[in-house]
Amino acid sequence: MAKVRRAEAFQVDVPVETLRTDAVQQFIKQETVFVEVETDDGLTGLGYAYTIGTGGSSVLALLKDHLLPRLEGADARRIEHVWRDLFAYTRSTTVGAITSLALAAVDTALWDLRCLRAQEPLWRMAGGFRQEVPLYDTEGGWLHLSTEDLVAGAKETAAQGWQGIKMKVGKPDLTEDVERLEAVRAAVGERFAIMVDANQSMTGAEAVRRADAFRNVNLTWLEEPLPADDVSGHERLAKSTSIPIAVGESLYSVAQFREYLERGAASIIQVDAARIGGITPFLKVAHVAEAFNADVCPHFLMELHVSLAAALPNGRFVEHIPQLRGITKSEMTVRSGHALAPDTPGLGIDWDRDAMDDLRVA
């Protein structure tokens, strides 16, 4: 059997490794909510979700007060059944960020158990398309960095053989955004991928204006130019520009992704396993995207997403933002500009339990 004998939730606050700013916010800390699930066949799985500064205690309360008591005694092998049961049990708070994050912490723990039981790595259990995925860097593209710093970072990334960089846009003056982008493009050449992220900071009219101003920079995508719930605005923007539109980090259900794809409002899908509710719905989004001939480039969580992107035929990029080094014993392997999915059974994240205990929230 594989019935859940014990389920525990706890929070670990991980300080940011570097200053991170965009057009609307600053990354304060990573509130990392963990769920540990032990089954009666002697296995223990560890899953997690996160916030970038607020709401972690609310996720933790939902888990402790409602989800984990219901999880105990469930068959951990029936992941689809467990996910749907917990979703239905919290129907009054779905679809929403807090519930999705709580579900993700449980779901990733169950996937960890599934892989451990099979003695297989996640990238193979989730699809096994390939083991390596092209890597791009976001860490050198934050909005507060000077043009000189952006250029230096981009040149260093290119010299390492990585595939591209992402820059934040949304400076009050449009010309400053353009100057920064053109300086980086001139430094790295035309074949190096440059993505930009506006973090939902623009109006529809301003997004059209800036996309037009960016047209000569040869961008790989324009990410979250508008509020995530403005599907019609993204649809109008996509029709007005040749720059691919990317969305996903702020969407919390498979149906929201389907609507974007059906309406041609986005062609780059940036689903986040924590924010969508776990690996189970992540894979559903990825398969919907494949049906629409769209690429999946997951948001953040590179230590988990490297395995999920590798599993998929339409997994195009992994985003490099290191944030778990303070609570892990090893780092993601990078080889020739590609992130390598770990071959160890389970999620493949080498947790440092002592370091986690030191940062654990009482």
Side-chain angles (χ1 to χ4, degrees), residues 30-35 47-52 55-56 58-59 62-63 67 79-91 93-112 114 122-123 125-127 199-200 223-224 227-229 231 234 246-262 265-292 294-312 314-319 321 347 349:
Q30 181 172 303
E31 295 183 324
T32 316
V33 178
F34 287 93
V35 166
Y48 72 113
Y50 75 98
T51 81
I52 61 170
S58 300
V59 177
L62 182 62
L63 283 163
L67 297 186
I79 296 180
E80 285 278 2
H81 172 79
V82 171
W83 195 96
R84 182 59 58 179
D85 179 68
L86 295 181
F87 180 87
Y89 187 63
T90 55
R91 189 170 297 279
T93 62
T94 59
V95 170
I98 299 299
T99 302
S100 290
L101 292 167
L103 288 169
V106 173
D107 188 74
T108 49
L110 296 182
W111 271 89
D112 194 31
R114 170 179 281 182
L122 175 61
W123 73 269
M125 290 293 287
N199 293 99
Q200 306 183 70
E223 180 176 333
E224 282 198 327
D229 56 3
V231 185
H234 282 94
V247 300
E249 69 179 80
S250 303
L251 302 180
Y252 299 95
S253 77
V254 178
Q256 290 174 327
F257 283 95
R258 183 198 65 209
E259 183 179 6
Y260 262 96
L261 289 162
E262 284 179 339
S267 54
I268 304 292
I269 298 304
Q270 297 179 301
V271 57
D272 182 316
R275 295 179 176 183
I276 193 63
I279 294 168
T280 299
F282 178 102
L283 293 174
K284 293 178 182 180
V285 169
H287 297 324
V288 170
E290 184 182 4
F292 281 89
D295 287 326
V296 171
C297 305
H299 166 256
F300 194 43
L301 292 185
M302 65 182 193
E303 299 85 358
L304 177 63
H305 285 150
V306 61
S307 296
L308 296 177
L312 305 168
N314 57 334
R316 181 178 176 187
F317 277 112
V318 171
E319 180 177 23
I321 306 180
L347 299 185
I349 302 174

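Keep in mind it's a predicted model, so treat the numbers as computed, not measured. Below, each value reflects all heavy atoms present in this structure, side chains not excepted, and no hydrogens, waters or symmetry copies.
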Any chance you could measure [X], atom [atom1], to [Y], atom [atom2], to the nearest 0.5 Å?
X	Y	atom1	atom2	answer
Glu224	His234	CD	NE2	7.0 Å
Leu251	His299	CG	NE2	11.5 Å
Thr51	Glu31	OG1	CD	3.5 Å
Gln256	Ser250	CD	OG	10.0 Å
Leu103	Leu67	CG	CG	6.0 Å
Glu249	Leu301	CD	CG	10.5 Å

4.5 Å side-chain heavy-atom contact, [X] and [Y]:
X	Y	answer
Phe292	Asn314	no
Cys297	Glu319	no
Leu86	Val82	yes
Thr108	Leu304	yes
Val35	Leu63	yes
Ile279	Leu347	yes
Phe300	Arg275	no
Tyr260	Val288	no

Which atom of [X] lies closest to which atom of [Y], heavy atoms considered:
X	Y	answer
Val254	Pro281	CG2-O, 4.0 Å
Tyr252	Ser100	O-OG, 3.5 Å
Asp295	Arg316	OD2-CD, 3.1 Å
Ile98	Gly55	CD1-O, 4.1 Å
Leu62	Ala102	CD2-CB, 3.9 Å
Ile276	Phe257	CD1-CE1, 3.7 Å

Checking the side chain of [X] only, and the main-chain atoms of [Y] only, is there a donor and an acceptor separated by less than 3.5 Å?
X	Y	result
Asp107	Thr280	yes
Thr90	Thr93	no
Gln200	Ala228	yes

- Mind running side-chain contact (heavy atoms from CB on, under 4.5 Å) on Glu223 and Ile268 for me, showing each step along the way? CA-CA 9 Å; Glu223 180 176 333; Ile268 304 292; over 6 Å; no
- What residues form a ring pair (Phe, Tyr, Trp, His ring centres under 6.0 Å) with Phe87, not counting sequence neighbours?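 Listed in chain order: Trp83.
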- Assess whether side chain to side chain donor-acceptor pair (under 3.5 Å) is satisfied between Thr94 and Thr99, documenting all intermediate values. CA-CA 6 Å; Thr94 59; Thr99 302; over 6 Å; no
- Message: For His305 and Phe282, take the angle between the two ring planes, folded into 0 to 90°, and tell me which bin it lands in: parallel under 30, tilted 30 to 60, perpendicular over 60.
- Response: parallel
- Item | Partner residues of Asp112 under the side chain to side chain donor-acceptor pair (under 3.5 Å) criterion, sequence neighbours left out |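 Not a single residue meets the side chain to side chain donor-acceptor pair (under 3.5 Å) criterion with Asp112.
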- Identified side chain to side chain contact (heavy atoms under 4.5 Å, CB included) counterpart of Val296 within the set Leu312, Val285, Leu283: Leu312
